[in-house]
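Here is the structure we will look at.
Residue numbers begin at 1 in each chain, while the letters A, B, ... track the order of the sequences.
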Amino acid sequence: MVQNILDSIVKEGIKSIYKIDLEKVEFQETRKDFEGDITIVVFPLLKQIKGNPVEIANQIGSYVKEHADIVTGFNVVKGFLNLVITDSYYVDYFNEVSDFIDFGKVKEKSGAMMVEYSSPNTNKPLHLGHIRNNLLGYSVAEILSASGKKVYKTQIINDRGIHICKSMIAWLKYGEGKTPESTGLKGDKLVGNYYVKFDQEYKKEIGNLVAEGKSEEEAKKQAPILLEAQEMLLKWEAGDQETVSLWKKMNEWVYKGFDQSYKELGVDFDTNYFESNTYLLGKEVVAEGLKKGVFYKKEDGSVWIDLTDEGLDEKIVLRADGTAVYMTQDIGTAIQRLKDFPDIEGLVYTVGNEQDYHFKVLFLILKKMGFEWAQNLHHLSYGMVDLPEGKMKSREGTVVDADDLMSEMTRTAGEISEELGKLEGYTALEKQGLYKIIGLGALKYFILKVDPKKRILFDPKESIDFNGNTGPFIQYTYARIQSILRKANFVNKERIGVDTLHPKEKELLKLLQTYPVIIQNAAENLSPALVANFTYELVKSYNSFYQSVPIFGAAKEADKVLRVQLSYAVSCVIKSSFKLLGIEVPERM
RNA sequence: GGCCCCGUGGCGCAACUGAAUAGCGCAUCAGAUUUCGGCUCUGAGGGUUACAGGUUUGAAUCCUGUCGGGGUCACCA
């Protein structure tokens, strides 16, 4: 990087001129409306060097121009020292990259992380909210991996509890033995239908009870179908064979359905954890913590942690009857994961921001328990996806189903491509694959370009754009470059041999150079949005270059080589950055 | 009510974590192809960064308060 080269030279300069050891030089990219490539901000130096900022900037500028080969000129505006970097620096940089396919990625892994995402309940299908979760988690895993971590992708499947019992009861009462095979429905959809059915019956029964003179509150607790579900949960915990085998059967249906959705969405997992296996894990740990004095027991036997010193509340970690709560299980699961994968240094939990408090407490508990890795726990907290009518509610049928949305996107992409595409010679099957790439690209980019912590408003009627700052816009640019490379009979990356660059070429080279930094930044911030926005910048810059500079009509052969090579490099980085987002790119579209 | 997050042109998003005249897309208007894919490019209009104070040479960014939106305060997960 230019910064690294200049940093020491600037420090030397300041030492020789002012006899001062500087800790940090503040660089920033030069704004477009000024001449120069990199800017040193002089103001922060004024604390150590007394004087006029413009004068100081001029003195440093002269020194740097004198002593740094890569600096060919400078100008000073107010307290900003704008340095002009030689074209040859950027040409050399380009030539040093042996290939752009893996450019920016750190290959030698140091340390490992586990990323948890998705983690659905097994009583209903995936919806738009899960899509955001999956895309974020998957992408962050890819980004961490590119930044030099070994990464394990995982999820915890909430396969037990009252919710699945509700679906089971409703299926027993109204299912008539229907299966995914007999109905042709995806398993998760089938089971989800009975979850909805349960709720309908439940409401009906409440209505009846209220009509009989019970209060609303009483009715909610006494509705027979709810009692049946609760009874079933008890049976399940007691290991009742019939219940357990039904539970297994219905969960299997759901997993098959999920697998299909995950495959369609393009995400995967290295290992799964099931709540039915882990919900007891935390108990031992709690007992241990009780001995250590991290927790305390109340008279009724329930176990708590007092976090009032940290500005939080008291929090229960074990029920009076000795059964585990959500927190118990999460404590146990975290510890189990570190046992299973001893090389991991930390965990990333991709979970909506409604659980901010839960994770704050969880991390604090683990820290208090004395686990060193507790400081490497991150809650990748993201905002809800809202519809124009407000929150999605599965029971009220206002959810945007994940499968429906994906196929809708693919269909729309198909309509647009039929009209505009250049797909001579593509078979129907190839076309279908392409529409999927474009449709899902649009969806994924739409969601990932937004800062995770912000909420997203999704209006199904307005659908998703295909122009402007969108996935297909970027895919289009990629496809167009491929067309150029085909025409140029491009084979391999080769050295470029020019010594002056067109401003648009230089701009592109500058941007390419920042890609490795972007990856590190995105990893630190757990933010795919940074990668998305960078890619967009790059593509815009390339399109502008494309428009103002002829490639095949270049005056000199060396220029043509440069421009073809540059196009290739840009396409590699588009492909690679999109891969970090879990988005594919098409050869044509 | 306590605590947490958010508030940037009509709409959707940026701003390298405190720096120059707050950028971009959509929409609106005006232009560009004897040329490599026009799903492209160039330009114009549109802002007191919710509001009021404060810190700082410098604030969309940090602090305090107000208003508005969301979340959370379960022996649910």
(request) Would you please say whether a donor-acceptor pair under 3.5 Å links the side chains of Ser276(A) and Asp159(A)? (result) yes
(request) Write down the distance separating the C1' atoms in rG69(B) and rU8(B), rounded off to the nearest Å. (result) 15 Å
(request) With heavy atoms under 4.0 Å as the rule, sort Glu537(A) into base, sugar-phosphate or nothing. (result) nothing
(request) Would you classify Pro550(A) as touching base, sugar-phosphate or nothing, given that sugar-phosphate means primed atoms plus P, OP1 and OP2, and contacts are heavy atoms under 4.0 Å? (result) base
(request) Answer yes or no on whether Arg132(A) is positioned over the face of Tyr382(A), meaning its NZ or CZ is under 6.0 Å from the six-membered ring centre and within 45° of the axis. (result) no
(message) Quick check: on RNA chain B, is the nucleotide nearest Asn533(A) upstream (toward 5') of the one nearest Gly468(A), or the reverse? Name the residue that is more 5'.
(response) Asn533(A)
(request) For nucleotides rC63(B) and rC26(B), find the distance between their C1' atoms and express it as a whole number of Å. (result) 37 Å
(request) Determine the Euclidean distance between corresponding C1' atoms of rA15(B) and rU33(B); express it in Å to zero decimal places. (result) 34 Å
(request) From the options rC16(B), rC75(B), rA19(B), select the nucleotide whose nearest atom is closest to the side chain of Glu29(A). (result) rC16(B)
(request) Determine the contact category for Met384(A): base if any of its heavy atoms lies under 4.0 Å from a base atom, sugar-phosphate if only primed atoms, P, OP1 or OP2 are that close, otherwise nothing. (result) nothing
(message) Check for me: is Phe80(A) stacked on rA19(B) by the 5.5 Å centroid and 30° plane-angle rule?
(response) no
(request) Quick one: label Asp321(A) by what it contacts on the DNA or RNA (base, sugar-phosphate, nothing), any heavy atom closer than 4.0 Å. (result) nothing
(request) Have a look at Glu354(A) and say if it touches a base, only the backbone sugar-phosphate, or nothing, with a 4.0 Å heavy-atom cut-off. (result) sugar-phosphate
(message) Could you check rU35(B) for me: syn (within 90° of 0) or anti?
(response) anti
(message) Can you measure Asp313(A) atom CG to rA74(B) atom C1' for me and round it to whole angstrom units?
(response) 12 Å
(message) Say we look at rU56(B) and rG9(B): how far apart would their P atoms be, to the nearest angstrom?
(response) 30 Å
(message) Distance check, C1' atoms only: rG38(B) and rC51(B), in whole angstrom units.
(response) 45 Å
(request) Select one nucleotide: of rA20(B), rC41(B), rG37(B), the one nearest the side-chain heavy atoms of Phe34(A). (result) rA20(B)
(request) Would you classify Val549(A) as touching base, sugar-phosphate or nothing, given that sugar-phosphate means primed atoms plus P, OP1 and OP2, and contacts are heavy atoms under 4.0 Å? (result) base
(request) Write down the distance between CG (Asp300(A)) and C1' (rC75(B)), rounded to a whole number of angstrom. (result) 8 Å
(request) Return the minimal non-hydrogen interatomic distance between Gly129(A) and His127(A), and the atom names on each side. (result) N-ND1, 2.9 Å
(request) Determine the interatomic distance between C1' on rG7(B) and the same-named atom on rA50(B); round to the nearest Å. (result) 6 Å
(message) Using OP1 and OP2 only, check whether a side-chain N or O of Asn353(A) sits under 4.0 Å from rG71(B).
(response) no
(message) Is the phosphate of rC39(B) approached by Ser417(A) (side-chain N or O, under 4.0 Å from OP1 or OP2)?
(response) no
(request) For Lys560(A) and Ile551(A), work out which heavy atoms get closest and say how close. (result) CG-O, 3.5 Å
(request) Assign Asn82(A) to base, sugar-phosphate, or nothing according to its heavy-atom contacts below 4.0 angstrom with the strands shown. (result) base
(request) Compare the minimum distances between each of rC39(B), rG25(B), rG37(B) and the side chain of Leu420(A), then state the nucleotide with the smallest one. (result) rC39(B)
(message) Say we look at rA60(B) and rA19(B): how far apart would their P atoms be, to the nearest angstrom?
(response) 10 Å
(message) Looking at rA14(B), which nucleotide sits across from it as a Watson-Crick or G-U wobble partner, both distances under 3.5 angstrom, or is there none?
(response) none
(request) Select base, sugar-phosphate, or nothing to describe what Ser302(A) touches, counting heavy atoms under 4.0 Å on all strands. (result) base
(request) Take atom CG of Leu508(A) and atom P of rC41(B), then tell me their distance rounded to the nearest Å. (result) 13 Å
(request) For the residue pair Asp330(A) and His358(A), confirm or rule out a side-chain donor-acceptor distance under 3.5 Å. (result) yes
(message) Counting only side-chain heavy atoms from C-beta out, which of rA20(B), rA15(B), rU72(B) sits nearest to Leu530(A)?
(response) rA15(B)
(request) Examine rA77(B): is either OP1 or OP2 under 4.0 Å from a nitrogen or oxygen in the side chain of Arg319(A)? Give yes or no. (result) yes
(request) Could you give the distance separating rU66(B) and rC4(B) at their P atoms, to the nearest angstrom? (result) 13 Å
(message) I'd like to know if the side chain of Asp306(A) and the backbone of Glu314(A) have a donor-acceptor N/O pair within less than 3.5 Å.
(response) no
(message) Under 4.0 Å from OP1 or OP2 of rA77(B): is there any side-chain N or O of Lys166(A) that close?
(response) no
(request) Choose from rA77(B), rC16(B), rC75(B) the nucleotide whose nearest atom is closest to any side-chain atom of Asn521(A). (result) rC16(B)
(request) Find the distance Tyr326(A):OH to rA77(B):C1' and express it as a whole number of Å. (result) 6 Å
(request) To the nearest Å, give me how far apart CG (Leu45(A)) and P (rG58(B)) are. (result) 17 Å
(message) Under a 4.0 Å threshold between the charged nitrogen and the carboxylate oxygen, would Glu584(A) count as salt-bridged to Lys436(A)?
(response) no
(request) For rG7(B), give its Watson-Crick or G-U wobble partner with both distances under 3.5 Å, or none. (result) rC67(B)
(request) Take atom OH of Tyr536(A) and atom P of rC39(B), then tell me their distance rounded to the nearest Å. (result) 16 Å
(request) Report the relative orientation of the aromatic rings in Phe534(A) and Tyr515(A); use parallel for angles under 30°, tilted for 30 to 60°, perpendicular for over 60°. (result) parallel
(message) Rounded to whole Å, please give me the gap between NZ in Lys453(A) and C1' in rG71(B).
(response) 15 Å
(request) Compare side-chain N and O positions of Lys454(A) against OP1 and OP2 of rA14(B) and report whether any pair is under 4.0 Å apart. (result) yes
(request) Could you pick out which residue, Asp33(A) or Leu312(A), lies toward the 5' side of RNA chain B when each is mapped onto its nearest nucleotide? (result) Leu312(A)
(message) With a 4.0 Å limit, can you tell me whether Arg160(A) has a side-chain N or O closer than that to the phosphate oxygens OP1/OP2 of rA77(B)?
(response) yes
(request) Name the nucleic acid region contacted by Glu275(A), choosing base, sugar-phosphate or nothing; use a 4.0 angstrom heavy-atom cut-off, strictly under. (result) sugar-phosphate
(request) Ignoring hydrogens and angles, answer whether the base of rA27(B) and the side-chain atoms of Asn467(A) contain a donor-acceptor pair closer than 3.5 Å. (result) no
(message) Stacking between rA19(B) and Phe43(A), yes or no? Criterion: centroid separation under 5.5 angstrom, plane angle under 30 degrees.
(response) yes
(request) Check the distance between rG38(B)'s C1' and Arg480(A)'s CZ and give it to me in whole angstrom. (result) 8 Å
(message) From C-beta outward on Tyr546(A), which listed nucleotide comes closest to its side chain: rC16(B), rC36(B), rC75(B)?
(response) rC36(B)
(request) Report yes if some heavy atom in the side chain of Phe545(A) is under 4.5 Å from a heavy atom in the side chain of Ser567(A); otherwise report no. (result) yes
(message) From the set rC39(B), rU40(B), rC36(B), return the single nucleotide nearest to any side-chain atom of Phe552(A).
(response) rC36(B)
(request) Name the pairing partner of rG43(B), where a pair is Watson-Crick or G-U wobble with both distances under 3.5 Å, or state none. (result) rC29(B)
(request) Looking only at side-chain atoms of Ile551(A), point me to the closest of rG38(B), rC36(B), rU42(B). (result) rC36(B)
(message) Which nucleotide, if any, forms a Watson-Crick or G-U wobble pair with rG1(B), using both distances under 3.5 Å?
(response) rC73(B)
(request) Ignoring the backbone of Asn525(A), work out which of rC39(B), rA77(B), rU17(B) is nearest its side chain. (result) rU17(B)
(request) Determine: side-chain N/O of Arg31(A) to OP1/OP2 of rA20(B), distance under 4.0 Å, yes or no. (result) yes
(request) Give a yes or no on whether a salt bridge exists between Lys360(A) and Glu310(A), defined as a side-chain N under 4.0 angstrom from a carboxylate O. (result) no
